[in-house]
Protein chains: 2
Amino acid sequence: MVGIPSGADADNGPALDPQQLGVYFALMEAVSLLQHQVEVQLRAEGDLSYVQFQLLARLASVGGHLTMTQLADGVVYSRSGLTYQAGLLEKAGLITRCPSPDDERSTLVAVTEEGLALVGRVLPGHVEVTRRLLFEPLSDDDLHHLGDIMTRLRDHMRAQPPRSAVPRKRRPSRPSAAQSAPQDQDR
Amino acid sequence: MVGIPSGADADNGPALDPQQLGVYFALMEAVSLLQHQVEVQLRAEGDLSYVQFQLLARLASVGGHLTMTQLADGVVYSRSGLTYQAGLLEKAGLITRCPSPDDERSTLVAVTEEGLALVGRVLPGHVEVTRRLLFEPLSDDDLHHLGDIMTRLRDHMRAQPPRSAVPRKRRPSRPSAAQSAPQDQDR
DNA sequence: TATTGTTATACTCTATAACTATA
DNA sequence: TATAGTTATAGAGTATAACAATA
């Protein structure tokens, strides 16, 4: 997966550092594998997607209400996507939604007893999977390093300008590999 | 996101190590942010999804043919999913498919000139994004550590039994947050 | 019978845009 | 006018199962 030839002929900007590329690919693949296994576990034990789990866990961890906007924060979603997921969770009896008394535009979301119970039921298996896949092969030193690095990276990426960072377009048109290409998010 | 209360009352298995949980969440969020930005770049400059880019890059890096099965390997896909993506890429003129002379059941896939050119055109921006988001805040030492850790993790996860690792079911039924729940993969 | 790949189909998820209602 | 959230809609992507063809 390393050592991609520089397409055909044209000049292709800065050369690639093979080491960096290797780190990048290893990171992406490892997390992809982890995420997949985690999703299998969540689906099997709680019939939840990872996103749904994140939403429930977030609500559980704050222990009270959150507005839809607050709930969406960090979970990279369009508003409508969150509305959709909240609808599912509400229908399943795992959360409640009610209008905020302070600001009647807002919706307050809270976990139900049942939602809390589900999180509690799913969490041990979740921890077990991450332990087996993620923590088992790591020494305490590794764990410390990884935590340090990923925390810094996360903060760095959070701080990035949410848009505008999209690099200059090179060629506006082509047969299009995917039929159409809506690619933006609204938060 | 740390410190989820252990659902309601019941006994919930091993307690969570807050440090581990923090590392886990930081990892997942950071990669999620990175992946999102990368997808924006690939879509903007090459009208490609990350998966499509991976397929093209893989073909480009081997410099020859791959069977569908070989191509799928590592990209966590169902066969039909790969067929779908290959169909898009072929229609866009980025790859070719032809029956294998050795084994007539197999399909040999190769990048076209155009596909190679596209990879070359997209790669600089891709590298730029990863550099800005991933490598910029890391020291050489960090990079080395991260590479070491992620390589080990990837190999560890690859070596895991693909199935059977699904933890024992706790409770088979519940109102179902997602309507239905097909959750398995076929590779 | 096992393997390679495709097709038909169903469903989940996400995004855009238009909309309502409140501030 | 700006903000919070919902709805309608459309499309991308992925999975299951049935299928055809080759080994």
Side-chain angles (χ1 to χ4, degrees), chain A residues 32 35-36 39-40 42-43 47-55 65-73 75-92 95 97-109 163 176-187, chain B residues 32 35-36 39-40 42-43 47-55 65-73 75-92 95 97-109 163 176-187:
Chain A
S32 169
Q35 181 150 9
H36 179 252
E39 275 171 357
V40 167
L42 288 173
R43 184 63 72 186
D47 197 20
L48 290 173
S49 69
Y50 185 65
V51 169
Q52 289 162 355
F53 170 73
Q54 279 184 300
L55 296 176
H65 301 279
L66 285 179
T67 65
M68 293 291 279
T69 299
Q70 291 168 336
L71 182 57
D73 188 47
V75 185
V76 188
Y77 262 65
S78 55
R79 289 171 183 282
S80 61
L82 179 58
T83 297
Y84 170 74
Q85 291 295 344
L88 292 181
L89 293 174
E90 188 177 43
K91 188 156 45 179
I95 65 169
R97 280 185 292 182
C98 63
S100 166
D102 303 335
D103 182 341
E104 298 232 332
R105 293 172 302 180
S106 294
T107 299
L108 293 183
V109 187
R163 304 271 302 103
S176 175
Q179 297 78 323
S180 76
Q183 78 250 28
D184 250 286
Q185 276 179 295
D186 101 345
R187 46 162 259 103
Chain B
S32 168
Q35 182 151 8
H36 179 252
E39 274 170 358
V40 167
L42 287 173
R43 185 62 72 188
D47 198 19
L48 291 171
S49 69
Y50 185 65
V51 169
Q52 290 161 354
F53 170 73
Q54 279 184 302
L55 295 176
H65 301 278
L66 285 178
T67 65
M68 293 291 280
T69 299
Q70 291 169 336
L71 182 57
D73 188 49
V75 184
V76 187
Y77 263 66
S78 56
R79 290 171 183 280
S80 62
L82 180 57
T83 296
Y84 170 75
Q85 291 295 343
L88 292 181
L89 293 175
E90 188 178 43
K91 189 156 45 180
I95 66 170
R97 278 186 292 184
C98 62
S100 165
D102 304 335
D103 183 342
E104 297 233 332
R105 292 172 304 182
S106 296
T107 299
L108 293 183
V109 188
R163 304 272 301 105
S176 173
Q179 297 78 324
S180 77
Q183 78 251 29
D184 251 286
Q185 277 181 295
D186 95 348
R187 45 161 259 105

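Here is the naming used below: chain letters follow the sequence lines, and residue numbers restart at 1 for every chain. Please read these numbers as outputs of a predicted model, since none were measured by experiment.
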Could you run down the sub-3.5 Å N/O contacts of the protein with nucleotides 19-21 of chain C?
none

Discussion item. From CG of L89(A) over to P of dT6(D), roughly how many Å is that when rounded to an integer?
Written reply: 12 Å

Discussion item. If I take atom CG in residue D73(A) and atom P in nucleotide dG5(D), what distance separates them, rounded to the nearest angstrom?
Written reply: 12 Å

Worksheet entry | Integer-rounded Å distance: dT4(C) P and D102(B) CG | 14 Å

Worksheet item: Where do L71(B) and V75(B) come nearest, in terms of heavy atoms and distance?
Response: O-CG2, 4.1 Å

Worksheet item: Roughly how far, to the nearest 0.5 Å, is the CG atom of L48(A) from the CD atom of Q54(A)?
Response: 11.5 Å

Worksheet item: Q85(B) side chain N/O closer than 4.0 Å to the phosphate oxygens (OP1, OP2) of dT14(D)?
Response: yes

Worksheet entry | Contacts of type salt bridge (charged side-chain N to carboxylate O under 4.0 Å, His left out), residue E104(A), not counting sequence neighbours | none

Worksheet item: Looking at CG of L108(B) and CG of D102(B), how far apart are the two atoms once the value is rounded to the nearest 0.5 Å?
Response: 7.5 Å

Discussion item. Heavy atoms from C-beta onward define the side chain here; which of dT14(D), dG5(D), dG5(C) lies closest to that of T67(A)?
Written reply: dG5(D)

Worksheet item: To the nearest angstrom, how far is R43(B) atom CZ from dG11(D) atom P?
Response: 14 Å

Practice prompt. Using the closest heavy atom to pick a nucleotide of DNA chain C for each, name whichever of P101(A) or Q70(B) lands nearer the 5' end.
Written response: Q70(B)

Worksheet item: Of the nucleotides dT22(C), dG5(C), dA15(D), which has the atom closest to the T69(B) side chain?
Response: dG5(C)

Practice prompt. Would you mind classifying the nucleic acid contact of S49(B) as base, sugar-phosphate or nothing, using non-hydrogen atoms under 4.0 angstrom?
Written response: sugar-phosphate

Worksheet item: What residues form a side-chain contact (heavy atoms from CB on, under 4.5 Å) with S106(B), not counting sequence neighbours?
Response: T67(B), S100(B), D103(B)

Item to complete: Could you check how far CD of E39(B) sits from C1' of dG13(D), rounded to whole Å?
Response: 11 Å

Fill in: Interatomic distance where CZ belongs to F53(A) and P belongs to dC13(C) [whole Å]
16 Å

Worksheet item: Quick one: CD on Q70(B) to CG on D73(B), what's the gap to the nearest 0.5 Å?
Response: 8.5 Å

Discussion item. Expressed as a whole number of angstroms, how long is the span from I95(B):CD1 to dG5(C):P?
Written reply: 12 Å

Polar atoms only, N or O, under 3.5 Å: list the protein pairs with nucleotides 6-10 of chain C and their distances.
unit_1 : atom_1 : unit_2 : atom_2 : d
dT6(C) : OP1    : R97(B) : NH1    : 2.8
dT6(C) : OP2    : T83(B) : OG1    : 2.7

Item to complete: Can you tell me which stems DNA chain C forms, taking runs of 3 or more consecutive Watson-Crick or G-U pairs with both distances under 3.5 Å?
Response: C:1-23 with D:1-23

Discussion item. Restricting to non-hydrogen atoms, name the atom on I95(B) and the atom on A86(B) that form the minimum distance, rounded to 0.1 Å.
Written reply: CD1-O, 3.5 Å

Item to complete: Rounded off to whole Å, could you give me the CG-to-P distance for the L88(B) and dG11(D) pair?
Response: 14 Å

Worksheet item: Of all residues at least two apart in sequence or in a different chain, which pass the side-chain contact (heavy atoms from CB on, under 4.5 Å) check with T83(B)?
Response: M68(B), R97(B)

